[in-house]
Amino acid sequence: MIKIFHIIPRNIWGLFLGMLILSSCSSPQTEHYYLVVGNEANEVEISTAEDLKSDLSKVLGLEGHIISDFDNIPKGTPTFVLGTPQSNSLIASLVNKKAIVLSDDNPGPRGGIWHKTKLKNNQEAIVLAGSDVQGFQYAVYDYSKEILGVDPLEYWTGKKALKKTTMDLVSFENRRIAPPKVPTLCYFENDVDELANYRGKLLEYDWESYTQMINSLVRLRYNAIQFFDMLGRPEFFLRPEYKELSPDYKIDIEYLDKMINYAHLKGMKVQIDFALGYQIHPMSEEKATCWREYKEEWVKAWKYYLEETPLKKTDIFILRPRHQVWDWEYESTCGENKIEVFNDVFKVFGELVDQYKPNADKVLICYSDGMEMWNDGFRPPKDWIVAWSDDGFGDFEHLPNTTDGYNFGTYMHAGFWLNHTVHNPYPETAETVMKNMFQEYGADKYCLVNGQNFRPFLINLEAYSEVCQDPDSFDHNDFYKEWTKRYFKENQRESAISSMKLLHQAQEGRIGYVQHLWEIREAISYLSDFPIQRPGKTPVPHDFKRVKNDFEHVKKTQNYIQQSVEEANKGLDKVGLETDFYYSYVYLPALLYNDLISFEVTLHDMALLKKQYEDTGKTIYINQALDLWPDINQKLEVIYQNRNTGDKIAKWAMWYSPQIRRPNNGFPTMDMLTAIKLNLEAKL
């Protein structure tokens, strides 16, 4: 039993006229309101009540008190009754008297109600309750969003709630909140470099960023989070790029434990992929490529996780039929058949989970190779949920030949490493693809959403939440209108939608910002007659054909991205950019993408001239290429200038700095351009 304590009131101003009017006479002025939390409430319910109290303080000039259902409730004061029938005796009594309809089955798991009612002493009250704790959470957070006007993404968007009156608090019809279509909606903490680096210790969330991310996710109905990067992914302590960034990288086990505890406090399940390469307890690569010889080592490592690390607190167990250190296909070094290997691996690991955490959820995540294995006959035990993976951009390259009676779910991307810097807004894709997966494959038992570094991908994260909540009512056009109405002025909304849709078109064919960085390296390699150096990998020889393959789609991308910038510019308010979310979320991403594409197109122009020289031997083409050198220099300066200037909102000022970006596919430098100039001059 958790003791409910009185909150010491703060001296804040305001009027709270009786929301609870018993006659035509006006009620007396009051300075307080009460949140009645059950004496049996758990820590998640208490935390949720505290969130409501905080939200009310943003919009009301009143002092709030959290009291127990055993306490006397003062008459004539605004009152909220919070919790479930199991935790709050007032709610249970209202159910017994049939004043409200609420049970384990109605609305059901993760379902809840809003209800205006009277208590025994004729005190009017607002009941925000759930069939279970999560249903109660969504009753509260939906109320905060829709009635109080508190933005679930306030920390990231800067949108502040407006002041409310007493009548606003009761301006709703009694509501039944149906359970979501998808019971488990999990956020994947993956590729989080910018969020982990932009302030504080490198490659580690600062506490404020982490907790605010969790707070927003819970309000968006995500009820689980998968830790990955924060377990010490192998790149962080093995790859040269990361060792240069943080030579002394070491995972903080106590801090990880604290993060897991916070997720649990906010009602989220913790999901862990029990791969074996994390710094928390790393396995050598050679032992991860032969199950037959190192089976006991794998089992021993899993047991260590479950006995000696914070991963013992795992609620949802993930395993991928892949290499268990690196994120790539399993290729046995001892002649095994990988389908036979993973049929056994999933059986052994599943039995181990059952010993340590009976009845825990177990999810098979099928990447491209795993999906091929499934269609070729790979099958885990029947109690595993099978999550089918998208192509990184919200669509599916592979589809299951059969679901074979398994519970199916999906693994989707709100952002992908190829468009890691600039988002690819696709609510329409989320709608059409998810509805098809639900209807054709029954893949509605689970959804994992990869949010990359979170902040750029807010619109897709919310779109996935909405379609997983109620696919029948989700319409991407309505969603776009409501989303832009929440954040932008009336004269900005049409431009915002148009610009974001064009930004999506600019990334057709799974080619985003980071993919263009690789194409730029190919062009620089050819122009400097120098191979592409890759730490730990074989250099890639320079080759004009590689560059030529990029010409057509880059021109197409340039057309869309220029239009996207033009549309974004129409809605840009030149005054007050230091607090302008429109600039941050609509204009700046399009601008940064346009900077990069303009640079790449000029490199392609230079490459064509160099090729003409190679075909004809005429140095006039080299001179023409060198004439473009000042232009290409200026365009690289613009890339750095706009990325380093970055967001106008002070809190995010360093977000796009090349120095803290995820080091995937490298980044062009002035030294590279100098190498081009020297190489071309040497041909004269």
Side-chain angles (χ1 to χ4, degrees), residues 1-7 9 15-42 44-46 48-53 55-56 60 62-107 111-133 135-137 139-140 142-144 147-148 165-177:
M1 181 174 71
I2 297 177
K3 182 177 180 181
I4 306 296
F5 50 91
H6 292 272
I7 303 299
L15 292 177
F16 197 111
L17 298 176
M19 81 177 194
L20 320 169
I21 299 174
L22 302 180
S23 69
S24 60
C25 299
S26 61
S27 60
Q29 176 176 319
T30 179
E31 297 179 352
H32 305 92
Y33 65 88
Y34 289 90
L35 306 178
V36 183
V37 179
N39 204 51
E40 298 294 329
N42 64 23
V44 177
E45 291 174 89
I46 295 172
T48 305
E50 291 281 6
D51 284 345
L52 179 60
K53 179 174 178 288
D55 292 347
L56 286 164
L60 299 173
L62 300 173
E63 296 175 349
H65 298 271
I66 295 180
I67 64 175
S68 165
D69 54 342
F70 289 179
D71 293 332
N72 292 321
I73 300 171
K75 290 190 66 174
T77 55
T79 302
F80 292 82
V81 181
L82 308 175
T84 70
Q86 294 75 33
S87 66
N88 191 315
S89 62
L90 279 180
I91 294 175
S93 68
L94 290 168
V95 170
N96 292 334
K97 292 188 301 184
K98 296 184 171 38
I100 61 174
V101 176
L102 186 65
S103 67
D104 290 344
D105 300 321
N106 188 3
I113 61 169
W114 299 352
H115 199 95
K116 291 175 281 192
T117 191
K118 287 186 179 181
L119 304 178
K120 282 183 179 180
N121 60 356
N122 275 335
Q123 168 68 39
E124 295 194 25
I126 296 172
V127 179
L128 303 179
S131 291
D132 57 14
V133 173
F136 159 60
Q137 285 186 286
V140 167
D142 285 3
Y143 180 86
S144 284
I147 306 303
L148 303 183
T165 68
T166 29
M167 297 312 297
D168 290 327
L169 298 185
V170 292
S171 182
F172 67 88
E173 298 297 325
N174 292 341
R175 176 183 297 189
R176 176 185 184 273
I177 302 170

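- By the side chain to side chain contact (heavy atoms under 4.5 Å, CB included) test, S171 pairs with no residue at all, sequence neighbours left out.
- Note: F70 CZ to L90 CG = 9.5 Å, rounded to the nearest 0.5 Å.
- A perpendicular orientation is assigned to the rings of W114 and Y143, their planes being inclined by more than 60° (bins at 30° and 60°).
- When every heavy atom of A139 is checked against every heavy atom of I177, the shortest pair comes out as CA-CD1, 3.5 Å.
- With hydrogens and angles disregarded, a donor-acceptor distance shorter than 3.5 Å links the side chain of D168 to the backbone of T165.
- H115 places no side-chain N or O within 3.5 Å of a backbone atom of R176 that could act as its donor or acceptor partner.
- Residues F172 and N174 are in side-chain contact: their nearest non-hydrogen atoms beyond the backbone lie under 4.5 Å apart.
- Rounding to the nearest 0.5 angstrom, the gap separating the CD1 atom in I91 from the CD1 atom in I113 is 7.5 Å.
- Separation of atoms CD (E124) and CD1 (I126) is listed at 9.5 Å; rounding is to 0.5 Å.
- When every heavy atom of T77 is checked against every heavy atom of Q123, the shortest pair comes out as O-NE2, 2.6 Å.
- Expressed to the nearest 0.5 Å, how far NZ of K53 lies from CD1 of I66 amounts to 6.5 Å.
- When atom types are taken as modelled, the side chain of K116 and the backbone of A125 share no donor-acceptor pair closer than 3.5 angstrom.
- Smallest separation of non-hydrogen atoms from V37 and A49: CG2-CB, 3.6 Å.
- Heavy-atom minimum distance, Q137 versus T48: CG-OG1, 3.4 Å.
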List the steps and the verdict of side-chain contact (heavy atoms from CB on, under 4.5 Å) for L82 and V36. CA-CA 6 Å; L82 308 175; V36 183; over 6 Å; no

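- Panel note: side chain S103, backbone V101; no donor-acceptor pair is recorded below 3.5 Å.
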Please determine whether side-chain contact (heavy atoms from CB on, under 4.5 Å) holds for the pair I73 and K120, giving the CA-CA distance in whole Å, both sets of side-chain angles, and the decisive distance to 0.1 Å. CA-CA 10 Å; I73 300 171; K120 282 183 179 180; over 6 Å; no

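- Contact record, L102 with A129: CD2-CB, 3.6 Å, taken as the closest heavy-atom pair.
- Annotation: K97, atom NZ; neighbour count of heavy atoms from other residues, nucleotides and ligands within 6.0 Å is above 12.
- The two residues A99 and T117 make their nearest non-hydrogen contact at CB-OG1, 4.3 Å.
- Within the 4.5 Å cutoff, the side chain of P78 has no heavy atoms near those of the Y34 side chain.
- Side chain of N96 to backbone of A92: a donor-acceptor contact under 3.5 angstrom is found.
- Residues meeting the side chain to side chain contact (heavy atoms under 4.5 Å, CB included) test with L56, sequence neighbours left out: Y33, L35, L52, L60, F80, L148, L169.
- A distance of 13.5 Å separates OG1 of T79 from NZ of K118, quoted to the nearest 0.5 Å.
- For the atom pair K75 NZ and L119 CG, the distance stands at 10.5 Å (nearest 0.5 Å).
- Pairs engaging residues 81-95 under the side-chain hydrogen bond (donor to acceptor under 3.5 Å, both in side chains) rule: E45-S87, D69-S89, T84-Q86, T84-S87, Q86-D104 [sequence neighbours left out].
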